[in-house]
Amino acid sequence: MFENVKNNTKIDSNANDAYQNNVNFEQVDAVFVDSFEQYQQKDYCKILKEHNKKDIRLWAWKNDKANAEFAILCGDNDIESVSVIASDLKSEFGVIGSQNVKLSFIKDVKAYTGHAGWYANNPSNIMPKGEREYFPEVIYSDYPISIKKNKFALVWLEINVPKDIMAGIYRGNITITAKNMSKALELSYELEVINATMLDSQNYLFDVEYWSHPYNVAYYYDVEPFSDEHISILKQHMRLYKSLGGHSIIASVVEEAWGGQTYGGNNKIHYPSMIKWSKSRDGKWQFDYTDFDKWVQLNKDIGIADTIICYSMMPWNNIIRYYDEIKKKVIKVKVNTARTNKYNEVWTPFLTDFIKHLDEKEWFDSTYIGFDERHNMGTALDLIASIKNKAGKSLKISASFNNFKHNAAIFNRLDYASVGLEQIRNNLEDFKAQVELRRNHNQKTTMYTATEHVPNSFTKSIPVESYWSIMFAGSLNTTGFLRWAYDAWVKNPLEESTHWSFPAGDCFLVYPALKEDSNRESKFTLRLAKLDEGVRDVNKLYLMRNAGMQIEKQVNELFAEIKGAKEDSYEFYTMSKTNFWGRKAKWLTEKGKKEMLDDMNKIKEKIYEISKEYSKINNEN
């Protein structure tokens with residue numbers, strides 16, 4: 001679609017001077033598009049036909065964000081060194097400086113469009129064969145770019161609204177220039193700042209848990225895990241996570257807690273344990289907490305990690321690896337909860353030592369043992385409950401656990417539980433009742449989406465599906481949303497997001513920088529931007545429904561309008577598997593997409609209307 005001028009394009013100024021005389025500048029255009037929609041290069045004519053807006057009206061609370069998207073269409077000529085610049089936003093009440101306005105070109109990434117994949121049937125990590133397409137994916141950079149003829153570039157507009165700004169309407173302009181264009185293009189935008197203040201992300205009433213994979217970050221940038229260089233990269237990476245409402249972090253306590261399903265560079269162990277197990281010559285267990293401590297501390301320093309979820313006392317293959325000092329090699333032992341004595345024999349020394357370490361670091365109250373879609377958890381939970389810390393408390397439990405209806409004995413023991421979209425739909429009223437009951441007992445309950453769920457947040461999914469996912473979770477009164485994963489990057493994610501086992505994009509919501517870039521800053525996807533927008537809107541709604549009966553009624557009515565209780569609430573089609581392994585893939589049809597776009601734009605407008613009413617009532621009081 002375009003080239004990054006900073007890194008790739010060499011400009012011949014004499015050629016440009018000659019070329020400029022032949023450019024039909026009337027064909028170069030810029031228009032606002034629907035940021036909920038997805039625009040591939042094949043949609044060029046669709047943009048020309050359906051979009052002609054040169055201005056847009058946005059709204060936000062104080063301490064909030066407003067987003068928009070526009071397209072630059074270049075007609076029959078290449079345009080070189082294209083730049084976009086935002087002015088200050090001005091009103092009679094004050095100025096929102098241009099430093100609060102971020103414009104970023106959106107980068108296309110190639111992705112496999114076929115079936116959903118399934119790790120258990122693809123242990124050799126064979127990449128799928130079949131059709132790939134390019135999708136707008138990464139909110140990339142503000143560097144000048146070049147756009148080829150009959151192509152377009154998408155640009156993401158993000159306005160960060162200061163907390164102390166006066167309410168009112170602010171107006172600004174966007175100027176688009178190119179090296180071989182004699183005339184600049186202009187777009188205008190208007191922001192209404194509503195007289196209500198958004199919660200800081202660390203105080204959200206509805207939060208997110210996106211599973212992080214710090215070792216993958218080290219593999220991608222080819223740095224030593226938890227070296228000073230790695231920690232420096234992770235600090236920015238995790239500050240971004242904090243800004244989204246994330247505060248729970250994931251830590252591994254065994255090798256391959258999830259069965260090796262992530263990319264692991266050239267390493268035999270794809271996801272190492274942050275705690276290194278060994279057995280000494282006298283047969284005693286020893287545990288090295290070096291990586292674990294560095295990981296937790298850097299997140300504590302950022303202001304998150306009030307919840308540390310440790311995976312797992314039931315790893316997917318039930319295998320524990322440790323270094324044996326007598327044999328001088330790594331030993332694998334299979335430990336299954338079905339064999340209670342053997343299970344307790346291995347895990348008791350670990351829990352005893354781990355709890356002692358947590359007490360010493362004063363991290364015990366932050367720490368949970370995590371389980372991911374496991375069965376037969378009773379033995380593990382009983383053992384955890386039996387081992388106390390110095391204050392006489394046992395570790396808390398977190399689990400992605402779907403059998404909440406028929407296994408209440410386990411579900412009720414979970415301090416934090418997340419349930420998949422499909423299982424929620426199959427037992428909707430029971431799930432709502434559980435959420436309410438668990439809220440009354442100060443237990444968190446979230447929703448997650450995963451492979452085969454529709455709608456979803458894959459590369460091929462249109463951005464509105466991510467926004468809908470959060471709004472639907474909010475309509476169920478959950479305390480948050482979980483997604484695997486935040487950053488489990490494939491080998492060359494900026495080129496292609498295809499995974500050998502999962503839908504393209506399933507494994508990461510952020511992208512890395514180019515490996516050679518000096519600024520190794522993680523970058524939003526459009527999917528993540530819309531998840532984030534949904535999280536902020538649900539937090540507005542949760543906050544407003546506490547304002548009194550009048551607003552509470554409006555919020556509840558809005559939540560009741562959000563469709564999704566059935567899988568076919570929005571029409572979808574099923575794509576049969578295209579390789580010898582795998583599951584079928586489910587994607588919204590064009591009709592399903594259009595209906596969701598219409599519905600969510602209406603929901604967005606209603607949130608604005610309720611916000612105006614809330615602002616009026618709040619400021620009268």
Side-chain angles (χ1 to χ4, degrees), residues 1-2 23-60 65-87 89 98 101-108 134-159 169-192 462-464 467 526 529-530 533 590 593-594 597-598 600-601 604-605:
M1 179 192 70
F2 63 75
V23 173
N24 182 351
F25 293 109
E26 292 182 358
Q27 290 187 356
V28 181
D29 202 2
V31 291
F32 283 104
V33 295
D34 186 349
S35 64
F36 278 148
E37 177 64 286
Q38 185 179 71
Y39 302 95
Q40 297 174 265
Q41 288 299 315
K42 63 186 179 184
D43 296 317
Y44 189 101
C45 291
K46 177 181 176 180
I47 295 174
L48 285 175
K49 181 180 178 181
E50 297 180 2
H51 300 283
N52 57 14
K53 291 196 307 181
K54 304 291 186 179
D55 54 68
I56 194 169
R57 183 175 180 181
L58 305 170
W59 65 271
K65 292 181 187 176
N67 295 323
E69 187 177 352
F70 61 91
I72 304 170
L73 304 104
C74 63
D76 293 332
N77 301 280
D78 297 350
I79 50 176
E80 307 288 349
S81 195
V82 182
S83 294
V84 287
I85 300 173
S87 70
L89 286 148
S98 60
V101 183
K102 187 175 182 181
L103 293 171
S104 304
F105 291 104
I106 297 170
K107 186 182 188 309
D108 284 0
Y134 281 93
F135 295 90
E137 177 77 330
V138 194
I139 299 175
Y140 193 64
S141 80
D142 60 355
Y143 297 143
I145 65 167
S146 296
I147 311 173
K148 299 297 183 182
K149 66 179 181 179
N150 300 319
K151 301 291 184 181
F152 63 87
L154 295 169
V155 184
W156 188 255
L157 165 65
E158 177 184 285
I159 307 169
I169 294 176
Y170 295 75
R171 295 179 176 88
N173 296 303
I174 296 166
T175 303
I176 302 159
T177 60
K179 193 165 187 176
N180 60 328
M181 282 173 51
S182 60
K183 182 179 178 182
L185 297 173
E186 268 204 359
L187 297 173
S188 60
Y189 58 106
E190 182 179 287
L191 174 70
E192 180 178 357
I462 66 171
V464 74
Y467 183 81
L526 288 177
K530 285 303 176 184
E533 184 177 340
E590 292 305 311
K593 292 176 185 177
K594 184 179 185 307
L597 286 165
D598 290 344
M600 292 301 105
N601 275 307
K604 189 76 180 177
E605 182 63 27

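Counting heavy atoms from C-beta on, the side chains of Ile106 and Glu69 come closer than 4.5 Å. You'll find the side chain of Leu597 reaches within 4.5 Å of the side chain of Ile462, heavy atoms only. Phe152 places a side-chain heavy atom less than 4.5 Å from the side chain of Ile47. Between Asp29 and Leu48 the shortest side-chain heavy-atom distance does not fall below 4.5 Å.
Taking all atoms of both residues into account, the shortest heavy-atom contact from Leu187 to Lys53 is CD2-O, 4.4 Å. Minimum heavy-atom separation, Asn180 to Ile79: OD1-CA, 3.5 Å. Contact between Pro136 and Asp108 at its shortest, heavy atoms only, is CA-OD1, 3.2 Å. Closest heavy-atom contact between Ala71 and Leu154: CB-CD2, 3.9 Å. In terms of heavy-atom proximity, Val28 sits nearest to Cys74 at CG2-O, 3.9 Å. In terms of heavy-atom proximity, Lys151 sits nearest to Tyr44 at O-CE1, 3.3 Å.
Under a cut-off of 6.0 angstrom, the local environment of NZ in Lys604 is crowded, with over 12 non-hydrogen atoms contributed by other residues, nucleotides or ligands.
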Would Ile56 and Leu58 count as a side chain to side chain contact (heavy atoms under 4.5 Å, CB included) if you check the C-alpha gap in whole Å, the side-chain angles of each, and the deciding distance to 0.1 Å? CA-CA 6 Å; Ile56 194 169; Leu58 305 170; 4.0 Å; yes
May I have the step-by-step check of side chain to side chain contact (heavy atoms under 4.5 Å, CB included) for Leu191 and Ile169, ending in yes or no? CA-CA 6 Å; Leu191 174 70; Ile169 294 176; over 6 Å; no
Could you walk me through whether Asp55 and Tyr189 pass side chain to side chain contact (heavy atoms under 4.5 Å, CB included), step by step? CA-CA 5 Å; Asp55 54 68; Tyr189 58 106; over 6 Å; no
Does Thr175 form a side chain to side chain contact (heavy atoms under 4.5 Å, CB included) with Val84? I'd like the steps, not just the answer. CA-CA 6 Å; Thr175 303; Val84 287; over 6 Å; no
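Look at Arg171 and Glu190 and you find a salt bridge, because one of the NZ, NE, NH1 or NH2 atoms lies within 4.0 Å of a carboxylate O, short of that distance. Ion pairing between a basic and an acidic side chain is recognised when a charged N comes within 4.0 Å of a carboxylate O; Glu37 and Lys46 show such pairing.
Atom CE of Met600 sits about 11.5 Å away from atom CD of Glu533, to the nearest 0.5 Å. If you take CZ on Arg57 and CD on Glu192, they are separated by 5.0 Å, rounding to the nearest 0.5 Å. With values rounded to the nearest 0.5 angstrom, Phe105 atom CZ is found 5.0 Å from Ile72 atom CD1. Between atom CD1 of residue Ile145 and atom NZ of residue Lys107 there is a gap of 11.5 Å, rounded to the nearest 0.5 Å. Atom OH of Tyr170 is separated from atom CG of Leu89 by 9.5 Å, given to the nearest 0.5 angstrom. Rounded to the nearest 0.5 angstrom, Ser104 OG and Trp156 CH2 are separated by 10.0 Å.
Ring orientation note: the planes of Phe32 and Phe70 are nearly perpendicular, at an angle over 60° on the 30°/60° scale.
The closest donor-acceptor contact from the side chain of Tyr39 to the backbone of Asp34 lies under 3.5 Å. Using a distance-only test at 3.5 Å, with no hydrogens or angles considered, no donor-acceptor pair links the side chain of Asn173 to the main chain of Ser87. Side-chain atoms of Asp43 come within 3.5 Å of backbone N or O of Gln40 as a donor-acceptor pair. The main-chain N or O of Ala68 is never found under 3.5 Å from a side-chain atom of Ser35 such that the two would form a donor-acceptor pair. Listed for the Lys148 side chain is no donor-acceptor partner under 3.5 Å among the backbone atoms of Asn77. Side-chain atoms of Gln38 do not come within 3.5 Å of backbone N or O of Pro463 as any donor-acceptor pair. Listed for the Asp142 side chain is no donor-acceptor partner under 3.5 Å among the backbone atoms of Leu103.
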